[in-house]
Amino acid sequence: MLVLGIESSCDETAAALVRDGKTVLSNVVASQVEIHARFGGVVPEVASRAHAECVSRIVEQALAALPHPIPLPVGEGERARAVDALAVTVRPGLAGSLLVGVSAASALALAWDLPIVAVHHLHAHAYAPYLAGVAEYPFACLVASGGHTSLYECRGPLEVELLGQTIDDAAGEAFDKAAAVLGLGFPGGPAVSRAAAAGNPGAYDFPRSKLADGDDDFSFSGLKTALLYAVEGPGMKGPKLGLTEKIRSDLAASFEQAVCEVLVGKLLRAATRRGLGTVSIAGGVAANRKLRAMLAERASAEGMKAAVAPTELCTDNAAMVAALGYHQLARGEGRGPDRLALSIAPELERPVRRKR
Ligand code: KG4
Ligand code: ZN
């Protein structure tokens, strides 16, 4: 079954063709990062407009991987036979952005008379390690991006249980805010990581919030404030720290160390508690080299396997959406006249708290 996936939940417009939930034929992503850089963060209205401008082109590029590519606008018959179904992200994300992808996918499903399924963006991220062929079920997966820090127990493509998530900032958001405090660019993750490479991770003792807590939730706002106070003085009342290259590198390295210790520490502890021998990280933050190295080292020390997908499947993409959508289609979702009544759900649900 060949599925066309469409993803537009945040600031990447993406389309992909995936066969049988596993073989990626095309994976096209248009990033809006340069558009948002001057605002220092993603501006929702700007994001939805940018999605609307390029979604047709991105879909067309993804369809070019078909044996007999046919240009948009949509014809009938032949193309409908080439693609078997559609999968689109409906939650969570920015409302206007989600709507663009859902509208595009629904229009194609209507025109081609094809099944269409509604995909959960974070469940799709958590499918990436399996899609990439680096992890077999079951495994624990931490999805850490600019908008989310969510920890899942994954027992199968559609058997994912949310164990915990951030109660304030997301891990990627923390990197972005740290970069702003340190006068580095947006997006902050790569910039902080570059600055950290030359720094001493033990130079500043930043808080490891919630690392010692027994739950699976995360918190990064205290760490962000600690960095801000280190630079601007306690309570932002000065004296202001002169940001030399050396001080900036040490601050970045100490900040990165604190984030990585919390992410890796809580992921490994949850995996141990749940009896999971494989641990993974997905989302944009998974691009972080220190995080990957720390996860590999600590997982191996605990006798676990660390399995992280290549970066192009970790950051926002539609291959993970098409691939997970296949499993929803295989269990019978997405058919019938009601299939086009897709509704978006921007917010993320809370985990069901179980008694320990
Ligand atoms: O998954 P993603 O591409 O988009 C969404 O947020 O959905 O993730 C982007 C986030 C940004 O916050 C960015 O700063 C962070 O991932 N990021 C990193 C690195 N590369 C990207 N954070 C830490 N280290 C990196 N190397
Ligand atoms: Zn994402």
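Hydrogens, waters and symmetry mates play no part in the numbers below; they use all other heavy atoms, side chains included.
Side-chain atoms of K305 come within 3.5 Å of backbone atoms of V134 as a donor-acceptor pair (strictly under, hydrogens ignored). A donor-acceptor pair is defined here as one N or O able to donate and one able to accept, closer than 3.5 Å; no such pair exists between the side chain of T23 and the backbone of V18. Side-chain N or O atoms of N317 include one that pairs as donor or acceptor with a backbone N or O of A319 at under 3.5 Å. No side-chain donor-acceptor contact under 3.5 Å links S249 to the backbone of G199. Of the possible polar contacts, none joining the D250 side chain to the A253 backbone as a donor-acceptor pair under 3.5 Å is found. Side chain of D176 to main chain of G188: a donor-acceptor pair is present (N/O by atom type, distance under 3.5 Å, no hydrogens or angles). Within the 3.5 Å criterion, the main-chain N or O of A118 finds a donor-acceptor partner in the side chain of Q328. Side chain of E232 to main chain of G238: no donor-acceptor pair is present (N/O by atom type, distance under 3.5 Å, no hydrogens or angles).
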Stepwise side chain to side chain contact (heavy atoms under 4.5 Å, CB included) check, R208 with Q257: CA-CA 9 Å; R208 273 72 170 151; Q257 180 75 19; 3.6 Å; yes
Salt bridge (Lys or Arg N to Asp or Glu O under 4.0 Å) assessment of R339 paired with D113: CA-CA 11 Å; R339 73 195 194 289; D113 192 21; 3.6 Å; yes
L86/V3 under side chain to side chain contact (heavy atoms under 4.5 Å, CB included): CA gap, chis, key distance, verdict: CA-CA 5 Å; L86 286 117; V3 181; 5.8 Å; no
Steps toward side chain to side chain contact (heavy atoms under 4.5 Å, CB included) verdict (L251, Y204): CA-CA 7 Å; L251 285 165; Y204 295 85; 3.6 Å; yes
Criterion salt bridge (Lys or Arg N to Asp or Glu O under 4.0 Å) on D213 and K266, from CA distance to verdict: CA-CA 9 Å; D213 289 7; K266 298 209 73 159; 5.5 Å; no
Steps toward salt bridge (Lys or Arg N to Asp or Glu O under 4.0 Å) verdict (R49, E53): CA-CA 6 Å; R49 282 169 192 242; E53 276 165 23; over 6 Å; no
Test log, rule side chain to side chain contact (heavy atoms under 4.5 Å, CB included), inputs I116 and L342: CA-CA 9 Å; I116 179 169; L342 295 175; 3.7 Å; yes
Verdict with supporting geometry, E302 and S300, side chain to side chain donor-acceptor pair (under 3.5 Å): CA-CA 5 Å; E302 306 239 348; S300 130; over 6 Å; no
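Salt bridge E173/K224: absent, no basic N to carboxylate O contact under 4.0 Å. Salt bridge annotation for E60-R57: absent, with no cationic side-chain nitrogen under 4.0 angstrom from a carboxylate oxygen. A salt bridge between D84 and R19 is absent, with no side-chain N of the basic residue lying under 4.0 Å from a carboxylate O of the acidic one. The pair R155-E153 counts as a salt bridge, with a side-chain nitrogen and a carboxylate oxygen less than 4.0 angstrom apart.
What you find for V88 and A105 is that their closest heavy atoms are CB-CB, 3.6 Å. Closest approach of A132 to L313, counting heavy atoms only: CB-CD1, 3.8 Å. The two residues A307 and T278 come nearest to each other via the heavy atoms CB-CG2, 3.9 Å. Residues V55 and I6 share a closest heavy-atom pair of CG2-CG2, 4.5 Å. Here the closest non-hydrogen pair linking A230 and F206 is CB-CE2, 4.1 Å. Taking each heavy atom of C10 and S97 in turn, the nearest pair found is O-OG, 3.4 Å.
With a 6.0 Å radius and a threshold of 12 heavy atoms from other residues, nucleotides or ligands, E34 has its CD atom at or below the threshold. For CZ of R335, the number of neighbouring non-hydrogen atoms (other residues, nucleotides, ligands) closer than 6.0 Å is greater than 12.
Put simply, CG on L162 and NE2 on H123 are 7.0 Å apart, with the number rounded to the nearest 0.5 Å. A distance of 10.0 Å separates OG in S48 from CG in L98, rounded to the nearest 0.5 Å. Interatomic distance, CZ of R273 versus CG of L268, reported as 12.5 Å (0.5 Å rounding). In this structure, CG in L108 is found 7.5 Å from CG in L63, a value given to the nearest 0.5 Å. A distance of 4.5 Å separates CD of E333 from CZ of R331, quoted to the nearest 0.5 Å.
Considering D215, D168, D217 in turn, D215 is the only one that fulfils the salt bridge (charged side-chain N to carboxylate O under 4.0 Å, His left out) rule with K210.
Here the side chains of V308 and P129 are not in contact, with every heavy-atom distance at 4.5 Å or above. Residues L163 and Y152 have side chains not in contact (no heavy-atom distance under 4.5 Å, counting atoms from C-beta outward). In this structure, R194 and V192 have side chains that are not in contact, with every pair of non-hydrogen atoms separated by 4.5 Å or more. Side-chain contact between R289 and P190 is absent, with no heavy atoms from C-beta onward closer than 4.5 Å.
Between H148 and H121, the ring planes lie tilted relative to each other; the angle falls in the 30° to 60° range. Relative ring orientation between Y137 and F139 is described as parallel, the plane-to-plane angle staying below 30° on a 0-90° scale split at 30° and 60°.
Residues H327 and Y127 bring a donor and an acceptor atom of their side chains to less than 3.5 Å of each other. Donor-acceptor pairing under 3.5 Å is recorded for the side chains of H51 and T13. Between the side chains of E256 and S254, no donor N or O sits under 3.5 Å from an acceptor N or O.
Annotation: F175 is in aromatic contact with F255 [ring centroid separation under 6.0 Å].
Tracing side-chain contacts under 4.5 Å through hydrophobic residues (I, L, V, M, F, W, Y), one reaches Y326 starting from Y130; they form part of the same cluster. Following chains of ILVMFWY side-chain contacts shorter than 4.5 Å, one can reach I247 starting from M236, so the two form part of one hydrophobic cluster. Linking Ile, Leu, Val, Met, Phe, Trp and Tyr residues whenever their side-chain heavy atoms come within less than 4.5 Å leaves V29 and M320 in two separate clusters. Put simply, L329 and V24 are part of the same group of oily side chains (I, L, V, M, F, W, Y) that touch within less than 4.5 Å, one to the next. In the hydrophobic clustering of this structure, V259 groups with L211; members are Ile, Leu, Val, Met, Phe, Trp, Tyr whose side-chain heavy atoms approach within less than 4.5 Å, directly or through other members.
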